[in-house]
Each structure stands twice: as C-alpha cells, then as structure tokens.
Amino acid sequence: MSRARWRGVGGALLGLLLFGVGILVAALLVRTYTLPSSQVSWQGPGVAEVKFTPDERQLLKRALIGALRIPTVSFSEEEQNVTALAELGEYIRRVFPRVFSSSIIKHEVVAEYSHLFAVQGSDLSLKPYMILAHLDVVPAPPEGWDVPPFSGEERDGYIYGRGALDNKCCVIGALQALDLLLKRGYKPKRSFYIGLGHDEEVSGHKGAMKVVEKLQSRGVKLLFVIDEGLAVVEGVLHGVKKPVALIGTTEKGSITLNLTVNQPPGHSSMPPAETSIGILAAAVSRLERNPMPNMFGEGPDAFMFEKLAGEVRNVFPTVPLSYTVRLIVIFRMLEQKPSSNAIVRTTTAITIFNAGVKANVIPHIARATVNFRLHPAQTVDEVLDIVRNTVNDERVEISVLDSFNPLPISPHDESNFGYQTLQKTIHSVFSAAPVAPGICIGNTDSRHFVNLTDSIYRFSPFKLKAEDLSRIHGLNERISVEGLEQLTQFYYQLIQNADFDKVPVAHRATHEL
Ligand SMILES: CCCCCCCC/C=C\CCCCCCCC(=O)NCC(=O)O
Ligand SMILES: [Zn+2]
Ligand SMILES: [Zn+2]
C-alpha cells in the first residue's frame with residue numbers, strides 16, 4: 001500500500017478514536033446529572049393547604065390595595081417619606097388585629113418605622129428562623145403608568161401599584177398567612193420572626209441593621225432567613241420553557257463610584273480641545289463598551305445550570321447535542337438578555353450624569369455615578385482595578401461612595417433544613433416547579449443577617465414572566481390576584497413545614513440522561 005494510502009487509513013482510524021473518546025467523555029459528563037428536581041417527591045406528611053373563604057379572599061386583596069395606597073417612598077438614605085412609613089405601621093395594626101393581640105406574638109417597633117414580630121413556638125429547643133420583607137418602595141413618577149402608581153387599582157385580575165411585587169405583597173402575604181394560621185387555631189412548634197424593614201431600597205442601614213443589632217444583643221441565632229429575591233421564572237432562562245423556581249443562595253456585591261472631571265471653565269466661544277464633559281463622557285463610554293468578563297461557571301451560577309441541565313431544551317432541535325454542549329451554547333446566549341447577563345458577570349450601570357449650567361459657559365466640573373453589581377467570583381478590589389485600567393485617564397478622579405463584596409453562598413445540599421423546607425414548600429405551592437439555587441442580582445435586607453445564620457435564601461414566592469422583569473422598579477408594577485393568593489399560601493405552608501424538626505427527605509430517582 002502506498003505511503004499516502006496508509007496515511008489516509010491512519011487518519012481515519014485516529015478520527016474514529018477521537019470520536020469514540022469524545023462520545024465517552026460526553027457520556028461521563030452527562031451521567032453525573034440527576035433527574036431534574038421536578039422528579040423529586042417528598043417523604044413524610046404534607047401540610048394543609050389554606051382554603052380561602054370568599055370573604056378572606058376579598059380581605060387579602062383589600063389589604064394589599066390599602067398598603068399600595070400609602071406612598072412609603074425611599075429617595076435616599078437621608079430622604080424617606082416617614083409620614084407614610086408611620087401610616088403604614090398604623091395600617092398593618094388595623095388590618096391584622098389578631099396578629100398584634102396574640103398572646104404568642106411579641107411585636108416591637110425598631111428604629112421608629114421597622115417592625116419585628118417574635119412568634120413563640122411550643123418547643124423552645126428548636127432553633128428559630130426569620131421571614132423578611134420591606135415596607136419602603138422606590139419612587140414612581142406617574143408618567144408612563146396605565147394607572148396612578150399609588151392607586152392600588154385592580155384591573156383584569158391584577159392589582160397595580162408601586163410595591164405590588166417589591167415588596168408589599170410579601171409584607172401583606174406573610175402577615176395574612178400568620179393571621180389565617182392563628183384564626184384556624186394553629187400553634188407553631190418552632191419559634192420564628194417576621195421582620196419588616198423600612199429602608200431596604202436605600203441600604204437597610206437604619207431598619208434591618210438595627211433589627212440585627214437587637215437580635216444579636218439577645219444572643220439570637222437563626223436556622224435560616226428567607227427574604228425577597230429570585231422567583232418562579234417562566235420564559236426568562238434561555239432554552240427552559242417551563243416555570244423554574246430560583247432560590248438566591250447568594251447575592252451580588254455592589255460598588256458605587258463617582259467619576260469627576262475638573263477642568264478650567266471659560267467662554268464657549270474659545271473652547272479647549274476637550275471639555276470636562278467630553279473627557280467624562282469618553283471615560284463612561286469606555287466602561288460601557290468594555291463590559292466586565294463573563295464569569296459563567298466560576299461562581300454559584302454553575303450550580304443553577306447544573307441543576308437545570310435536564311430542563312434545557314435543545315436549541316438546535318435537528319442536531320442531537322449533549323446537555324454539556326447545550327450548556328456551552330446557552331453560556332453565550334446568556335449575555336444577550338440583561339436579566340441573564342446579570343447572572344454571568346459584574347454589571348456596569350451609569351446611573352447619574354451631571355454637568356453644565358449654561359449654553360455659553362464651558363463647565364468646570366462634570367460628574368457621573370456608576371453602579372456595579374459584582375459577580376460572586378469577583379471582589380471589590382478586583383473590579384476597582386479593572387475600572388482604573390479601563391478609564392485610564394488621570395484627569396478622571398475616581399472615588400468610592402459605597403462598596404461591599406458578594407455575599408457568602410448559603411448551603412443548598414440535601415441536609416440543609418432551610419433550603420429543603422423552602423424546596424418542599426415551593427414544590428407544593430407551585431405545581432412541582434423544578435427548584436435551583438441562583439445568584440440574586442439585586443441586594444436585599446437579608447445581607448445584614450450574615451452573623452446570625454449561614455443559611456440566607458432570597459426568594460419571592462410569585463411567578464415572573466420575562467415581560468414582568470421590567471415592572472420591578474419600572475412602570476406598571478403589578479401582581480395577579482391569583483399570584484397574591486399563591487404567595488400567601490406559600491407562607492402559610494412554609495410556617496407549617498418549618499415545624500418539622502428534621503430535614504424533609506426527598507426521594508430522588510437518578511438517571512442517565
Ligand atoms: C439565567 C436567567 C436567570 C435570570 C434571573 C432573573 C430573575 C429575576 C427575578 C427577580 C428580579 C430580581 C429582583 C431582586 C430583588 C431586588 C431587591 C432590590 O430592589 N434591592 C435594591 C437594590 O438592589 O438596589
Ligand atoms: Zn425589594
Ligand atoms: Zn427594590
């Protein structure tokens with residue numbers, strides 16, 4: 001046989017060998033996945049679902065509508081509508097008298113406008129847990145809304161208003177669930193707290209932090225904390241069609257910077273080659289055009305995709321791709337949408353830009369504020385280094401207004417009581433939606449609780465479609481009446497599920513995918 005022919009046969013054999021090895025590696029990789037969590041079933045007794053009477057359904061709706069009408073706006077750490085915060089405090093007293101007068105509940109006002117409810121369980125040997133929500137909201141100028149943002153108007157099965165999702169629905173849902181449990185004579189075994197902060201939207205330094213100080217001074221340790229955060233998302237994650245429940249097991253860090261350029265002012269008829277505005281604009285544009293690196297797989301986002309691998313639809317239906325390859329394809333697609341881009345990298349948002357006073361005056365000072373949300377695989381120092389290198393202009397002064405590192409990752413293994421109790425409750429309330437750990441892309445009051453527990457979970461118990469994401473802090477924020485009832489059901493069942501003293505045990509089928 002000629003040398004060329006031998007080379008051809010050798011090449012074909014090598015190709016076959018590589019193909020075989022490729023198949024083997026892919027098979028080994030996909031073997032490690034278990035069936036999606038939707039296939040998990042729970043051992044042991046379930047808890048009773050709350051059946052709302054028609055009157056209770058009306059009262060629940062009215063309770064949220066009333067709360068939405070009180071404009072508890074936080075503008076900044078220094079400027080909050082404290083009259084409205086006081087009014088909302090009075091309002092919850094009026095709407096939930098059973099909660100405020102129960103002999104097993106101690107209520108205290110913290111730092112004037114926050115509230116702490118301590119519900120005493122019958123078994124004091126069980127470690128308590130905490131449900132958090134917040135009373136304040138971000139501003140809502142009426143332009144662009146279909147209904148006035150503080151009207152609480154009900155339309156076509158939805159209740160509209162600033163705070164409908166973030167986060168008065170959880171304030172009302174948690175209190176309503178507790179009220180219904182008391183009404184039905186339920187006596188909790190495990191003690192728990194409900195904390196309602198009043199300045200979450202501007203840091204939580206005055207509210208949640210003071211609640212933490214109070215609990216710490218009493219030597220309280222918590223089994224777990226549940227706060228707002230991720231949700232049951234539908235059509236948000238590329239390639240996953242059915243609703244999946246994402247529990248934030250960590251939260252992004254944050255850096256807020258001021259970029260300031262100081263140049264001599266003067267007459268606009270004799271402009272310099274570059275003005276303070278031009279220099280600053282170029283600097284912020286460099287930051288926008290050079291996004292932080294894609295860190296997919298280097299943080300807990302990897303856990304989320306591993307868990308959801310079984311749910312990922314093949315994006316090329318005619319090509320038989322392994323789950324591993326599908327994940328790699330999705331990895332690139334994630335960058336295309338702001339919500340999933342936020343999961344895979346530190347984000348850069350230019351939020352304030354100020355300069356100039358008059359058309360014929362060269363401005364002296366130009367200033368921009370830039371807010372970064374840090375991926376859990378990066379630190380404040382690392383991001384600041386990248387920012388300095390990208391700006392790369394000594395005329396731009398960079399000062400840090402506020403910064404904190406990403407939060408620790410809370411346990412989400414099979415032996416963790418808090419995570420498993422949440423998962424069990426989610427399965428029961430949201431028709432067995434698969435549950436996965438994720439990165440909470442916004443910041444919450446729960447970040448102040450790290451010294452009280454290692455188990456902090458950020459989960460808002462409602463469904464969110466892709467088009468709903470822009471309603472949070474945006475226009476036409478709303479919750480469906482059905483969603484509000486489901487959310488209340490969630491807290492109602494969670495409180496009962498937390499009364500078991502052992503971790504719920506899941507039956508899980510392992511399976512080769
Ligand atoms: C891979 C796709 C996953 C996309 C996940 C996006 C799901 C979004 C779900 C909820 C929205 C996140 C809201 C987080 C709570 C924000 C609380 C807040 O506003 N805090 C103040 C602040 O962060 O400034
Ligand atoms: Zn919130
Ligand atoms: Zn918010």
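Below, each value reflects all heavy atoms present in this structure, side chains not excepted, and no hydrogens, waters or symmetry copies. This structure is a prediction, so every number in the text was calculated from the model and none was measured. Heads up: numbering here begins at 1 and tracks the sequence.
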Can you tell me if [X] uses its side chain to pair, donor with acceptor, with the backbone of [Y] under 3.5 Å?
| X | Y | answer |
| --- | --- | --- |
| K61 | I159 | no |
| S410 | I456 | yes |
| T348 | L287 | no |
| D136 | E201 | yes |
| T488 | L484 | yes |
| D445 | A208 | no |
| S151 | P148 | yes |

Could you check if a side-chain atom of [X] sits within less than 4.5 angstrom of a side-chain atom of [Y], using non-hydrogen atoms only?
| X | Y | value |
| --- | --- | --- |
| K168 | L135 | no |
| V261 | E397 | no |
| L230 | I247 | no |
| V429 | Y492 | no |
| E234 | L464 | no |
| E112 | K206 | no |
| V220 | K214 | no |
| V387 | L257 | yes |

Can R345 be said to sit on top of F372's aromatic six-ring, NZ or CZ under 6.0 Å from centre and within 45° of the ring axis?
no
Quick check with a 6.0 Å cut-off and a 45 degree axis cone: is K127 positioned over the face of F224's six-membered ring?
no
What closest approach, in Å, do [X] and [Y] show between heavy atoms, and which atom pair accounts for it?
| X | Y | result |
| --- | --- | --- |
| T421 | A498 | CG2-N, 3.9 Å |
| D413 | Q420 | O-NE2, 3.0 Å |
| L178 | F192 | CD1-CZ, 3.9 Å |
| P300 | I439 | CG-CG1, 4.0 Å |
| S114 | H198 | OG-ND1, 2.6 Å |
| A86 | Y113 | N-CD2, 3.9 Å |

Using distance alone, with no hydrogens and no angle criterion, decide if [X] and [Y] have a side-chain donor and acceptor under 3.5 Å apart.
| X | Y | value |
| --- | --- | --- |
| K252 | T346 | no |
| S74 | D199 | no |
| N497 | T425 | yes |
| S428 | Q493 | yes |
| R286 | T390 | no |
| N81 | T72 | no |

Test log, rule side chain to side chain contact (heavy atoms under 4.5 Å, CB included), inputs V233 and V244
CA-CA 5 Å; V233 295; V244 293; 3.8 Å; yes
Would you indicate whether D156, at its atom CG, is surrounded by more than 12 heavy atoms from other residues, nucleotides or ligands within a distance under 6.0 Å?
no
Verdict with supporting geometry, L422 and L494, side chain to side chain contact (heavy atoms under 4.5 Å, CB included):
CA-CA 7 Å; L422 281 180; L494 178 75; 3.8 Å; yes
Excluding sequence neighbours, so at least two apart, what forms side-chain hydrogen bond (donor to acceptor under 3.5 Å, both in side chains) with E251?
N443, T444, R458
With S399, which residues qualify under side-chain hydrogen bond (donor to acceptor under 3.5 Å, both in side chains), at least two apart?
none
Inter-residue atom distance [X].[atom1] - [Y].[atom2], 0.5 Å rounding:
| X | Y | atom1 | atom2 | value |
| --- | --- | --- | --- | --- |
| S460 | L165 | OG | CG | 8.0 Å |
| N476 | D146 | CG | CG | 4.0 Å |
| I350 | L259 | CD1 | CG | 9.0 Å |
| Y129 | L222 | OH | CG | 11.5 Å |
| D227 | S446 | CG | OG | 4.5 Å |
| N294 | I343 | CG | CD1 | 12.0 Å |

Under the side chain to side chain donor-acceptor pair (under 3.5 Å) criterion, do Q486 and Q489 qualify, and how do the steps go?
CA-CA 5 Å; Q486 214 166 22; Q489 183 74 251; over 6 Å; no
Quick one: are the ring centres of Y457 and Y419 less than 6.0 Å apart?
yes
Run L175 and V171 through side chain to side chain contact (heavy atoms under 4.5 Å, CB included) and show every step you take.
CA-CA 6 Å; L175 291 175; V171 170; 4.3 Å; yes
Could you please spell out the steps behind the ring pair (Phe, Tyr, Trp, His ring centres under 6.0 Å) verdict for H448 and H205?
CA-CA 8 Å; H448 301 299; H205 290 157; 5.8 Å; yes
Residue pair R367, T260: steps toward the side chain to side chain donor-acceptor pair (under 3.5 Å) verdict
CA-CA 4 Å; R367 179 169 290 134; T260 310; 3.2 Å; yes
Check the pair V236, L246 against side chain to side chain contact (heavy atoms under 4.5 Å, CB included), reporting the backbone distance first and the verdict last.
CA-CA 11 Å; V236 171; L246 301 177; over 6 Å; no
Should D381 and T379 be marked as a side chain to side chain donor-acceptor pair (under 3.5 Å) after you check the CA-CA gap, both sets of side-chain angles, and the distance that decides it?
CA-CA 5 Å; D381 289 343; T379 64; 5.5 Å; no
All pairs passing salt bridge (Lys or Arg N to Asp or Glu O under 4.0 Å) where residues 469-494 contributes a residue, at least two apart:
R57-E485, R162-E477, E467-R471, E467-R478, D468-R471
Aromatic plane relationship, F430 with F459 - under 30° parallel, 30 to 60° tilted, over 60° perpendicular
perpendicular
